[in-house]
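Worksheet: one structure, shown below.
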Amino acid sequence: MEKVKRPIRITDTTLRDAHQSLWATRMHIEDILPIAEKIDEVGYNSIEVWGGATFDVALRYLNEDPWERLSKIKEKIKKTPLQMLLRGQNIVGYKNYPDDLLEAFIGKAVERGINIFRVFDALNDVRNIEKAIKFIKREGAHAQGTVCYTRSPVHTIDMYIEGAKRQLDIGINSLNIKDMAGILTPYVAYELVSALKSEIKIPLQIHCHSSSGMAVGTYLKAIEGGVDVIDCAAAPLALHTSQPPVETFIAILRNTEYATGLKMETLHAISEYFEKIAEKRCMQRRRQTLIDVSVIEHQIPGGMASNLIVQLEQQNALDKFENVLLEIPKVREELGWPPLVTPTSQIVGTQAVMNIITGKRYKVVPNEVKNYVRGYYGRSPAPIKDEIKKMIIGDEEPIKCRPADLLEPVMDKARRELKESGLMKKEEDVITYALFPEISLEFFRKRNKMQGARGKGQGASDKKQEDKYKELSSIFKIVSSSSISEFEWEKEGRKIKIRQDPDNKNIGNNATPKPEIISVNKKNEKEPKKAEGDYSEILSPMVGIFSIKLSAETTSFVEKGVTVEKNQTIGIVEAMKIKNEIKADKKCRMIDIFVNDKEPVEYGQPLFLVEPL
C-alpha cells in the first residue's frame, strides 16, 4: 500500500536567526535586497526576517531604521509570508513593556509586512504571551505559540502539553517547539512531538540550533513523530550555533513521503551569494567549533557560553570558566529552573559569574536577578528556594499577578517627549523610542544629521571618519603583534591607551595577547583622589559602563557632599545588558565621584570616595 504523502514545509531563518547566531546579527539591508527575490522563489513556508535581536542591533550598530528595513524586504518578497520572533511582553527588548506599546508594535509590524508572529516567553509563562496573541489575532495575522524546550526535574512532557493547551485556548494558529540550546535529543523529540500531535490539532513546527550536533537527527525523528514544519538556513549560514541547512533536508527527504518539493537548483545561487557575503560579515567563522561541548555537558546555549567567556575575560578571570560552568546549574536550580533563553540566560549566567569572581555566593546581585525573584519577569517553572529569596530580596514579597499589569501605559508619554525633542518623523519612531529610549535618540540625531548633510560635503566627512578608524586599526594591529605592553596616542583632543599583558596564557599557546583600548577625553580626564584618614573607596565590582543616574531624564543617585544611607543605591555598572546596582555598605558622606556618567570602568576601579559616618 502506497504511503500517504506528507510534504515537510520549511521556514528559512537565513535573514534573521541564522545571522544572529553566526554573524552577531550583522547582516545589513544591502546584503539582503539583492538576493531577496531569489529567496522568494524557493517556495518556503515562511521567511523569518525580523524580531529577536535584529531590531536593537539595527539601531545600535548598523545605523538602520528597523521599520524601514522591514518595508524594503517586503517590497522584494511578495509571495512568501514574512515571519518575526516576538518575545511576548518583552517585544524585542529585555524587559516587560506595557500593553499599549505591545499593541502599537504589533499593529505597525503587520502594516509593514509581517504575516506570522512566533511568540514566546522565556519562562513559558503563558500570561506573558496572552495579550500578544490577542493583538495579533485582531490584526488578522498568524499567531504561532511556543514552548521553550529545556531539561530539568520539573520540565516534563506533561508540562509542555499543558502549556500548549493553554495557548490553544487563547487562540494560537500553530505551535512551535523552540530548542534554543540544541539539547533536544532525537528520541525525546519523537516522544514530545507524538504527544503534542495527539493532544492538539494545529500545525506543529520545530526550531533547533545545531550547537550540539544533534539537530539533523532531532528533525528527522520529529518528522517521523508528525511535525509539519522545520526551521533551516541556507548552507553558508547553517550549522554551528545556527539551524541545519535547507539543502541537507531537501536531499534527505527527496523520494520519500516527506519530500519538500523545493528545488535544489534554486538554492545554489542563494548559497553562492551568501558565501561571498560571509567573507566580510563572518569575522569569527574560523574560530567557531562545529560542536559546542558546553551545550552537551552543561545545557548552555552557544551564545550564552561566548557571553560568559567575554565577561570573564573582562574581569581577568578566564581561568574560572570551568567553575562558572559548574555554578550555573546550581544557580538555575535555586532560581526555580528557568530555561536558558533570552533574557533568563543572561540573568542566570551573570549571577553565576558574580558568585565565582566575588568568592561569595549572592554577595553581588544584579538588578535583573532581583526583579526575576520579585516575579517581574513572570512565574518561575518551580518555586525559588526560600533561603535564596531571602538573600536576594530580603522580606519583600514577590508579586502574584501578570507583571505587565503593574505597568502604566507609555505611548502617550513617549509621543509627547519625542515631539518635544523635535526628532519625531513618523509614528513608528514613538514605538522605537518607547522600547529603547537612549539608543533611539542617538539614532534619530544621526538620521537628522545625515539628512541635513546630504549634498553638503557629507562624503568628505565620511572619508575623514573612515581614515581615522583605519589609522586606529593599524596602530591596534601593530601593538597586538608586538611585545609592547602599553602604548599611548594623542590626537584631536582624545587620548587612546592600548594595554596588553604579554604573559597572558589563558587564550592559547599560539594566540596573541588581547589588547585593551581605553579612550578618554583629555579635558575630562581626572585622577582619583588618594584615600586618606577615614576616607574609603568604593570599587567597581565588574567591567562595564558606569551610570550615575537611571536615565538622561532622571536626577543623579548621589552628588558630592551628600549623606548616603546604608544600602542606598549610588550608581549602576552595566555589562552584557545586565545592570548591577552599586550600594553603600554603610552610612557615609560622598566626598568625590571619580567616574563620569556613561564612562567605561574596569573591575576593581575606584568609583567613589566616601567618609564613613
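From a predicted model like this one, the values you see are computed outputs, not experimental measurements. One-based numbering along the sequence shown.
A donor-acceptor pair under 3.5 Å is formed between the side chain of Asp121 and the backbone N or O of Leu123. Although no hydrogens or angles enter the test, the distance criterion places a donor-acceptor pair under 3.5 Å between the side chain of Arg6 and the main chain of Ile223. Looking only at distances, no side-chain donor or acceptor of Thr344 sits under 3.5 Å from a matching main-chain atom of Leu340. In this structure, the side chain of Lys178 does not engage the main chain of Tyr149 through any donor-acceptor pair within 3.5 Å. A side-chain donor-acceptor contact under 3.5 Å links Tyr372 to the backbone of Leu335. The main-chain N or O of His142 is never found under 3.5 Å from a side-chain atom of Asn173 such that the two would form a donor-acceptor pair. A donor-acceptor pair under 3.5 Å links the side-chain atoms of Tyr273 to the main chain of Asp31, judged by distance alone. At least one donor-acceptor pair under 3.5 Å links the side chain of Ser212 to the backbone N or O of Gly182.
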Apply side-chain hydrogen bond (donor to acceptor under 3.5 Å, both in side chains) to Ser21 and Arg16, showing your working. CA-CA 9 Å; Ser21 298; Arg16 207 286 298 176; over 6 Å; no

Report the C-alpha distance between Gln205 and Thr11 in whole Å, list the side-chain angles of each, state the deciding distance to 0.1 Å, and finish with yes or no for side-chain hydrogen bond (donor to acceptor under 3.5 Å, both in side chains). CA-CA 9 Å; Gln205 189 158 350; Thr11 288; 2.9 Å; yes

Residues Leu192, Leu204; criterion side-chain contact (heavy atoms from CB on, under 4.5 Å); working and verdict: CA-CA 11 Å; Leu192 177 59; Leu204 184 61; over 6 Å; no

Go through the steps to decide whether Tyr362 and Glu334 satisfy the test side-chain hydrogen bond (donor to acceptor under 3.5 Å, both in side chains), and finish with yes or no. CA-CA 11 Å; Tyr362 299 101; Glu334 289 163 349; 2.5 Å; yes

Stepwise side-chain contact (heavy atoms from CB on, under 4.5 Å) check, Trp337 with Thr150: CA-CA 9 Å; Trp337 296 107; Thr150 190; over 6 Å; no

Applying salt bridge (Lys or Arg N to Asp or Glu O under 4.0 Å) to Glu333 and Lys385, what does each step give before you reach the verdict? CA-CA 8 Å; Glu333 178 182 2; Lys385 295 192 173 184; 3.7 Å; yes

So Met180 and Cys148, side-chain contact (heavy atoms from CB on, under 4.5 Å) or not? Walk me through it. CA-CA 8 Å; Met180 51 280 170; Cys148 293; 4.0 Å; yes

Can you check side-chain contact (heavy atoms from CB on, under 4.5 Å) on Ile10 and Thr260, steps first, answer last? CA-CA 8 Å; Ile10 294 178; Thr260 64; 3.9 Å; yes

Would you sort out whether Asn115 and Gln83 count as a side-chain hydrogen bond (donor to acceptor under 3.5 Å, both in side chains), showing the intermediate values? CA-CA 6 Å; Asn115 307 104; Gln83 181 171 316; over 6 Å; no

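When side chains are defined from C-beta on, Leu184 does not count as touching Met214, because their heavy atoms never get closer than 4.5 Å. Residues Gln243 and Tyr219 meet the side-chain proximity criterion, which asks for heavy atoms closer than 4.5 Å. Contact annotation: the side chain of Ile230 approaches that of Val227 to within less than 4.5 Å [non-hydrogen atoms, C-beta and beyond]. Here the side chains of Leu237 and Met27 are in contact, with some heavy-atom distance below 4.5 Å. Put simply, the side chain of Val92 reaches to within 4.5 Å of the side chain of Met84, judged on heavy atoms.
Taking a 6.0 Å sphere around NZ of Lys95, one finds it holds 12 or fewer heavy atoms contributed by other residues, nucleotides or ligands. Applying the 6.0 Å contact sphere to CD of Glu162 captures no more than 12 heavy atoms from other residues, nucleotides or ligands. Heavy-atom contacts from other residues, nucleotides or ligands closer than 6.0 Å to NZ of Lys360 number 12 or fewer. For Lys134, the NZ atom is loosely surrounded, since the number of other residues' heavy atoms within 6.0 Å does not exceed 12. Residue Lys76 places its NZ atom among 12 or fewer non-hydrogen atoms of other residues, nucleotides or ligands, all under 6.0 Å distant.
Among all heavy-atom pairs drawn from Lys38 and Ala269, the shortest one is CE-CB, 4.4 Å. When all heavy atoms of Ser271 and Ala235 are compared, the closest pair comes out as OG-N, 3.9 Å. Contact between Pro366 and Thr350 at its shortest, heavy atoms only, is CG-CG2, 4.0 Å. Pro203 approaches Asp228 most closely through the heavy-atom pair CA-OD2, 3.4 Å. The shortest heavy-atom contact between Ile116 and Ser46 is CD1-CB, 3.7 Å. Looking at every heavy atom in both residues, Leu86 comes nearest to Phe117 through CD2-CD2, 4.4 Å.
Using a 4.0 Å cut-off between a side-chain N of Lys or Arg and a carboxylate O of Asp or Glu, Glu191 and Lys221 do not qualify as a salt bridge. Taking a cutoff of 4.0 Å between a charged side-chain nitrogen and a carboxylate oxygen, Glu327 and Arg361 qualify as a salt bridge. The pair Asp17-Arg118 fails the salt-bridge criterion, with no side-chain N (NZ, NE, NH1 or NH2) lying under 4.0 Å from an Asp/Glu carboxylate O.
The only option from Arg402, Lys131, Glu130 that meets the side-chain hydrogen bond (donor to acceptor under 3.5 Å, both in side chains) definition with Gln89 turns out to be Arg402. Checking each of Phe135, Trp50, Tyr97 against Phe105 for a ring pair (Phe, Tyr, Trp, His ring centres under 6.0 Å) leaves exactly one that passes, namely Trp50.
Geometrically, Arg87 does not engage Phe120 in a cation-pi contact, judged by NZ or CZ lying under 6.0 Å from the ring centre and within 45° of the ring axis. Relative to the ring axis of Phe55, Arg60 does not place its NZ or CZ within 45° and under 6.0 Å from the centre.
Side chains of Ser174 and Gln144: a donor on one and an acceptor on the other come within 3.5 Å. Asp40 and Thr80 form a side-chain donor-acceptor contact under 3.5 Å, judged by distance and modelled atom types alone. Using modelled atom types and a 3.5 Å distance limit, the side chains of Asp12 and Thr14 yield a donor-acceptor pair.
For the atom pair CG (Asp405) and NZ (Lys400), the distance works out to 14.5 Å, reported to the nearest 0.5 Å. A distance of 4.5 Å separates CG in Leu62 from NE2 in His28, rounded to the nearest 0.5 Å. Here the CG atom belonging to Leu239 is positioned 8.5 Å from the CG atom belonging to Leu22, to the nearest 0.5 angstrom. The distance from the CG atom of Asn355 to the NZ atom of Lys330 is 9.5 Å, given to the nearest 0.5 Å.
Taking the six-membered ring where the residue is Trp, His19 and Trp23 present tilted rings, their angle falling between 30° and 60°.
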